[in-house]
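Right, one structure below, let's go through it.
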Amino acid sequence: EHHLRLARLLFDTMPARDAASYNILLTALAARGRVAEALELFDEMPEPSVRSWTALVAGFAQSGRPADALRVFRDMEGAGVAPNEVTVVAVLAACADVGDLDLGRKVHGYAKRQGYSRNVLVCNAAIDMYVKCGCVDAARGVFDAMDGRTVVSWSAMICGHAMHGEGDKALELFAAMRRRGMLPNGVTFVGLLHACSHMGLVDEGRAFFESMEKDHGIAPEIEHCGCMVDLLSRAGHLQEALEFINGMPVEPNSVVWGALLGGARLHRNVEVGEEATRRLAVLDPGNDGYYVVLSNIYAAAGRWEDVARVRRAMKLRGVKKTTGWSAISVGGTVHEFAAGDCAHPQAAAICETLDGLLEEARRRGYAPDTSVVLLDMDDGEKERVLARHSEKLAVAFGLMATPPGTTLRVMKNLRVCSDCHAAMKLISEITRREIVVRDRNRFHCFKNGICSCRDYW
DNA sequence: CTAGGGTTAG
């Protein structure tokens, strides 16, 4: 901050400024996410070069402002400036962040035509983009076609398979990597542990955790511990998870306690859930999600007075439940839906389509899971609330707006709800469509009535 | 010493 002010002062008092001096300051501003200031300086520049544009795109992409990065990139296209390899890497990363498959594909196509495919960084960025846009097979295609893979390429692909619930492929890839004498790093192990966690491979996960230090000299960090707590608590070993936390080589953070809380919900353990929430209230007081999960645990146990107590505590602390939303991109336009949303121009038709699908799903054994609705209302009302969850609306719209057979790709800001998960499986079977849902932390690929997570999540 | 890039747990 101080250095940036000094740089600005120097810049402003320079007798003459050339392109380089502008670009240096531009880079510094963009990298710190100072969007308005960076854009203002950019507009003052006499002749912005590819490097100036790229400084903005890359800086915004890296400082957690992917939407700004993509906006600038579109302006860059409009200005007729040809992106270079660095621009491509940054745009692909931004596409990965927001899940923009259309733009990601386009940019990757451009990169291939430009001969950028020999650039390892471009390929790695493309792998991650395809993974995070729900196309793990396309990511694997890029990976398989590469010739100069680095540990980053291997790790990105292992993490990609893990994210998509393809733990077996992640482990196979690790074996292949070892056969080629490629040395893993800490990220590789995060991917492996994540893979084990999503497949319930408790023994394998424990073995990887042991071996990383012993055989590879890689000290476990907080991320690896987080994976272990997730692995153990997801599999129902809540006591062992708690002991693991107490014996951890590093101080547990909110992610670690959050993983335990998730396991407590899954296995309906009120005591462990309460313990985790107590810790989380200290470590991450501004986050509302934990209270919601705890009240879920109480609701599942039928402890409605406690549900009410948590809700009162939330109100007292001024925490509000984050509104869930789902988005689907159709024909280059992103359509966003909130629960119960009637704002879409085709809302009536969407609801009609959805109700028809849910009726058919019921005939095939779907029963609305009203336990996920935490509001005080009767079951009929709860069912009506469930039937308008944002992911269901997004899928119904996607089905209407795309030709038969098109894969639907939905993005959600929170975790997909368990009732929607059950409904999606049947909707994929009824409509013979593949539905890929990008959750807050993983992918669900629904196909022929089955989800890629095999209901372990 | 004229700037820029890829993988990571809830």
Side-chain angles (χ1 to χ4, degrees), chain A residues 7 17-31 49-62 69 83-94 96 111 116 119-129 131-132 139 142-143 146 149-163 184-198 205 209 220-231 233-234 241 252-266 276 280 283-284 287 289-290 293 414-415 439-442 457:
Chain A
R17 303 173 195 108
D18 62 0
S21 45
Y22 270 100
N23 286 341
I24 291 168
L25 190 55
L26 210 53
T27 304
L29 290 170
S49 65
V50 200
R51 284 173 171 239
S52 322
W53 285 102
T54 302
L56 287 183
V57 177
F60 293 163
Q62 280 158 31
N84 63 22
E85 288 164 285
V86 181
T87 330
V88 165
V89 170
V91 177
L92 289 176
Y116 295 168
N119 182 322
V120 192
L121 277 76
V122 168
C123 292
N124 293 345
I127 289 172
D128 191 48
M129 182 276 294
V131 162
K132 296 204 174 123
V142 173
F143 176 86
M146 283 175 77
R149 295 176 203 126
T150 65
V151 64
V152 175
S153 325
W154 289 92
S155 302
M157 201 60 239
I158 287 172
C159 292
H161 281 311
M163 235 182 228
N185 66 12
V187 180
T188 320
F189 279 97
V190 171
L192 289 170
L193 293 173
H194 193 195
C196 290
S197 153
H198 283 297
F209 188 83
E221 291 174 70
I222 190 84
E223 290 86 352
H224 306 102
C225 296
C227 287
M228 283 306 290
V229 173
D230 180 43
L231 169 73
S233 48
R234 213 184 268 273
N253 61 10
S254 63
V255 177
V256 168
W257 287 108
L260 185 70
L261 180 63
R265 165 170 64 179
L266 204 58
L280 287 161
L283 285 168
D284 190 4
N287 197 320
Y290 309 126
V293 176
L414 304 174
R415 275 187 53 150
D439 212 52
R440 202 184 162 71
N441 48 27
R442 59 157 299 150
W457 57 291

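All chains are named by letter (A, B, ...) in the order of the sequence lines, taking the proteins before the strands, and each is independently numbered beginning at 1. Atoms considered below: every heavy atom in the structure, side chains included; atoms not considered: hydrogens, waters and symmetry mates.
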| request: In whole angstrom, give the distance that lies between atom CE of A/Met228 and atom P of B/dT8. | output: 21 Å

| Between B/dT8 atom P and A/Arg442 atom CZ, what is the distance in whole Å? | 15 Å

| query | When you measure from the side chain of A/Ile24, which nucleotide among B/dA3, B/dT7, B/dG4 comes out closest? | reply | B/dA3

| How would you label the contact of A/Val120 with the nucleic acid (heavy atoms, under 4.0 Å): base, sugar-phosphate, or nothing? | base

| request: Take atom CG of A/Asp128 and atom P of B/dT7, then tell me their distance rounded to the nearest Å. | output: 5 Å

| query | Any side-chain heavy-atom pair from A/Glu85 and A/Leu121 closer than 4.5 angstrom? | reply | no

| Can a side chain N or O of A/His198 be found less than 4.0 Å away from OP1 or OP2 on B/dG10? | yes

| said: From C-beta outward on A/Ser155, which listed nucleotide comes closest to its side chain: B/dT7, B/dG10, B/dT8? | reply: B/dT7

| query | Any idea which of B/dT7, B/dG4, B/dA9 is nearest the A/Val255 side chain? | reply | B/dA9

| message | Give me the atom names and distance for the closest heavy-atom approach of A/Ala259 to A/Gly226. | response | CB-O, 4.2 Å

| remark: Between CG of A/Leu231 and P of B/dG10 the distance, given in whole Å, is 11 Å

| query | Got a donor-acceptor pair under 3.5 Å from the side chain of A/Tyr290 to the base of B/dG10? | reply | yes

| said: Would you say that more than 12 heavy atoms from the other residues, nucleotides or ligands in this model lie under 6.0 Å from the CZ of A/Arg17, or not? | reply: yes

| query | Taking atom C1' of B/dA9 as reference, at what distance in whole Å does atom CZ of A/Arg440 sit? | reply | 13 Å

| Is there a side-chain contact between A/Thr87 and A/Asn84 (heavy atoms, below 4.5 Å)? | yes

| What nucleic acid atoms does A/Ile222 come within less than 4.0 Å of, heavy atoms only: base, sugar-phosphate, or nothing? | base

| Can a side chain N or O of A/His194 be found less than 4.0 Å away from OP1 or OP2 on B/dG10? | yes

| request: Quick one: label A/Thr150 by what it contacts on the DNA or RNA (base, sugar-phosphate, nothing), any heavy atom closer than 4.0 Å. | output: base

| said: So if I take every side-chain heavy atom of A/Asn185 and compare against B/dT7, B/dG10, B/dA9, which nucleotide ends up nearest? | reply: B/dT7

| Separation of A/Phe143 atom CZ from B/dT7 atom P, in whole Å? | 15 Å

| Per A/Val89 side chain, nearest of listed nucleotides B/dT8, B/dG4, B/dG5 | B/dG5

| task | Answer yes or no: is there a side-chain heavy-atom contact under 4.5 Å between A/Thr188 and A/Val151? | result | yes

| request: Report yes or no: is there a donor-acceptor pair, N or O only, under 3.5 Å between the side chain of A/Asn23 and the base of B/dG4? | output: no

| query | Taking OP1 and OP2 of B/dG10, is either one under 4.0 Å from a side-chain nitrogen or oxygen of A/Arg234? | reply | yes

| message | From NZ of A/Lys132 over to C1' of B/dA9, roughly how many Å is that when rounded to an integer? | response | 13 Å

| field | Sugar-phosphate only, base, or nothing, as touched by A/Asp18 at under 4.0 Å among non-hydrogen atoms | value | nothing

| said: What is the separation between atom CG on A/Leu92 and atom P on B/dG4, rounded to the nearest whole Å? | reply: 19 Å

| note | CE of A/Met228 to SG of A/Cys196, rounded to nearest 0.5 Å, is 9.0 Å

| request: Quick one: label A/Asn253 by what it contacts on the DNA or RNA (base, sugar-phosphate, nothing), any heavy atom closer than 4.0 Å. | output: base

| Nearest listed nucleotide, side chain of A/Val190, among B/dA9, B/dG5, B/dT7 | B/dA9

| message | Just to be sure I understand the rule, does A/Glu85 reach a base, reach only the sugar-phosphate, or reach nothing, if contact means heavy atoms closer than 4.0 Å? | response | base

